[in-house]
Every structure is written in structure tokens, then in C-alpha cells.
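Computed from a predicted structure; not experimentally measured. All values below were derived from every heavy atom in this structure, side-chain atoms included, with hydrogens, water molecules and symmetry-related copies excluded. Along the sequence shown, residues carry numbers from 1. Atoms within each ligand, like the ligands themselves, are counted from 1 in listed order.
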Amino acid sequence: MAERLWDAERVKPVPFSSIRVVMQEAERLAAQGRKVFHMEIGRPDFDTPPHIKQAAIKALNEGMVHYGASLGLPQLTAAIADKLRRENGVSVDPSGGVLVGAGVKYIVYCVMQALVNPGEEVLLPDPCWLDYFACVRLAGGVPVAVPLREENGFQLDPDEVERLITPKTRILVVITPHNPTGTVASKEVLRQLTEVAQRRDILVLSDEIYEKIIYDGAVHHSLASFPGMAERTITVNGFSKAYAMDGWRLGYAAASKALIQPILKVHMSAMSCPNTFIQMGAVAAYQGPQDSVGRMVAEFDRRRKMMLSAMADMPGVKVARPEGSFYLFPNLKAFGMTSMEMAAYLMREAGIASVPGSAFGEWGEGHVRLAYSDTYENLAAGMASLKDALAKLPRQ
Ligand SMILES: Cc1ncc(COP(=O)(O)O)c(C=O)c1O
């Protein structure tokens with residue numbers, strides 16, 4: 001007898017993340033003794049800096065083990081508001097304008113639940129970190145893809161954004177630096193987007209989780225710092241990438257109190273409050289020394305340059321030079337395979353675990369995402385393996 005399915009209608013169109021599928025396949029091959037180059041994982045391979053761990057351990061030892069404020073500990077919301085003012089030129093109220101939760105992913109989920117009505121549209125850059133599509137769908141919303149074109153350096157096109165706005169459009173999502181392309185949105189593109197958002201009266205969710213992982217002198221700009229944007233921007237950021245704290249699960253939304261209130265309703269029902277003692281680690285991350293961030297970014301940059309120069313030597317590979325995050329998004333269309341076929345081939349032939357570009361949306365087809373969050377030596381060996389594997393394929 002066929003197994004009965006209990007899935008609610010809104011869950012049915014949501015696929016499992018294909019990154020997890022790739023990770024499982026990589027684990028299966030590794031268990032058989034195959035050498036696997038892990039380029040699928042979107043997290044730093046570094047340890048959380050010791051002073052951050054110590055702050056959390058101290059809080060735990062001092063008995064910070066009970067429920068705390070729903071929005072987050074006042075020490076942390078104050079540290080976040082202070083950081084946003086100092087580094088981003090964004091002004092938010094530390095008591096009421098910041099909401100801390102279990103990672104940016106969770107925050108995005110709450111934002112969509114709180115601000116999107118069934119049938120309303122959310123503009124998402126395509127390709128884009130796949131969980132955005134799922135979070136919009138789970139809210140009953142309709143994701144609308146805004147193509148990021150390679151020939152435009154994967155920048156959003158403000159005219160195209162405007163053309164895609166309908167009376168049902170609620171939110172535009174901007175991610176800078178971007179995942180999977182690594183693109184840092186230019187100030188001019190952002191300025192034009194702020195004009196579109198104000199003219200067409202929509203909200204903007206600005207995901208800045210990779211803001212500190214930036215190279216070649218590129219400059220990160222926060223959308224909420226542009227004139228007229230404070231009231232319509234939800235800035236989301238967290239600790240997973242810059243401080244190698246992905247397992248800690250801490251992220252936040254910063255916005256006007258009017259926008260935080262509905263998000264708070266969802267958050268209170270979903271998790272009451274973020275874990276208390278780990279928030280003291282996040283306070284230390286923002287208020288303590290920042291040299292570990294600089295060291296990590298310098299190492300990412302070394303790997304990025306090595307991989308870019310290795311790929312420049314691979315016929316058929318076209319790769320943009322990303323200015324942020326820790327991903328390369330090479331175009332492998334010359335080999336005539338779908339990105340799913342290519343990712344499977346690279347896994348089988350070269351032991352390279354990658355993520356097919358199509359997992360990030362229709363406009364990612366023909367690409368694969370390679371994360372450089374493995375050691376320099378492993379990545380260098382992976383590049384040699386990639387070169388050999390691609391050399392065996394016919395090119396169109
Ligand atoms: C653009 C983007 N936003 C958010 C996240 C998730 O962050 P967190 O670990 O805080 O949930 C990721 C993770 O890969 C990401 O790429």
C-alpha cells in the first residue's frame with residue numbers, strides 16, 4: 001500500500017535543498033575511501049575565535065541559562081545597533097528596532113511569514129541562495145525571479161526590477177555580497193534600486209551576511225543607509241560567516257519598530273527568544289578584536305586567487321572574478337551538460353563536491369558553485385583534479 005502523505009499544501013512545492021543531497025553523496029563516496037574535495041559547503045572552515053567562545057562559556061558558567069528577552073539580550077541588541085551605526089551608517093533603535101533569532105535563515109523565514117500575504121510577490125535575484133525561494137513559498141507568497149546576467153557582472157538591473165513590479169509585489173530581496181555569484185552590488189545600482197523601491201512603494205530585505213568577506217578594495221554599502229530607505233528596509237545579518245559561528249545559529253533583523261513588530265509576533269510563537277548564553281559570544285564578536293576576521297578574509301583571498309588562476313588555464317571554463325563571499329560560479333556551458341549533469345560528473349570523475357547552478361534558480365543553469373572553504377592544499381589538489389576531469393570532455 002502506498003505510504004500516506006500528510007504534507008500540508010504549502011509544503012508540497014518546497015524541495016529539499018540540493019546542497020544537502022550533494023553533501024550526502026560526498027559522504028557516501030568518502031565512506032568508500034574516495035578522496036572528496038569539499039567545495040559544496042557554504043561556511044568558513046575556521047574555528048570560532050577563542051575570545052568569542054570564552055564569552056559564551058563565561059555566561060554559561062555564570063548561570064545565564066534561562067529564557068531572555070524575545071528580541072534578544074539588551075547587551076546584544078545594543079551591540080548590534082552600535083555596529084550598524086558605526087560600520088554601516090544605519091540607525092536603528094536598540095530597544096525595538098533589532099530582533100535576534102536562530103540565524104539569518106530563521107530570520108528570513110520569520111520576515112516572510114510576517115510581511116507577505118498569500119499570493120503576494122517577492123522579487124528574488126536569480127540565481128540566489130535557495131532558501132529564499134522556500135521561505136517565500138512557505139509563507140504562501142510567490143517568488144518572482146529577477147535575472148542576474150553574467151554579462152552585467154551579475155548585478156541586479158534596476159530597470160528590470162521595476163518592470164517586474166506588480167500591484168502584488170511586497171518585497172525586493174537584495175543580497176550583497178551575493179551567494180552564489182560573489183558579486184558586490186555597486187553603489188550606483190543600489191542607489192537606483194532605492195529610487196525604484198520608493199517610487200513603487202515596496203519593502204527591501206537587504207541580506208548583508210557576507211559584508212565583511214570582501215576583496216580587491218571593494219566597498220560594501222548598506223541599503224538602509226541611503227536616503228529615504230530606513231523606513232522600508234529590513235537589514236538582515238548574522239555571525240555565521242564573518243566570525244565562523246554558523247553552528248551557533250545567531251542572526252538578526254534590524255529595521256523600524258513598525259516593521260519589527262509583526263516579525264516579533266512570528267518569532268515569539270516560533271522560538272520565544274534566542275538562546276541566552278550564546279548571545280554573549282555574539283556581543284564579544286562585535287565588541288572584541290576584529291583581527292581574526294582580517295586573517296580569515298586574507299586566507300580566503302589567497303585561495304580565491306589561486307583558484308581563479310588555475311581556472312584561467314582550463315579551456316572551456318569562463319569564470320567571473322567575484323569581489324565578495326567565498327564562492328566561485330564558473331560558467332561551464334561550453335561542455336554542453338546541464339549543471340546537474342556537470343555536478344554529478346565532477347563528483348564521480350574528480351571527487352569534487354559542488355552545487356549545480358540550477359539549484360539557485362533558472363539563471364544559474366550552466367554554472368556550478370565552488371566554495372573555497374576548504375584548505376588551500378585541498379583546493380589546489382581539487383583544481384588539478386578539475387582540470388583533468390574537464391580535459392576529458394568534448395567541448396562545443
Ligand atoms: C545569502 C545568505 N543568507 C543567509 C545565509 C544563512 O545564514 P545563517 O547561518 O545565519 O542562517 C546564507 C548561508 O549560506 C546565505 O548564503
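Closer than 4.0 angstrom to ligand 1 sit non-hydrogen atoms from G103, V104, K105, W129, I175, N179, D207, I209, Y210, S240, K241, R249.
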Start with the C-alpha gap between D159 and R163, add the side-chain angles, then the distance that decides, and say whether salt bridge (charged side-chain N to carboxylate O under 4.0 Å, His left out) holds.
-> CA-CA 6 Å; D159 293 334; R163 277 197 298 278; 5.4 Å; no
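Judged purely by atom type and a 3.5 angstrom limit, Q279 has no side-chain atom pairing as donor or acceptor with the backbone of L76. Using a distance-only test at 3.5 Å, with no hydrogens or angles considered, a donor-acceptor pair links the side chain of S269 to the main chain of K265.
Two rings, from H178 and Y327, have their centers 6.0 Å or more apart.
Side-chain atoms of R321 and R304, non-hydrogen and from C-beta on, do get closer than 4.5 Å to each other.
At most 12 heavy atoms of other shown residues, nucleotides or ligands fall within 6.0 angstrom of atom CZ in R10.
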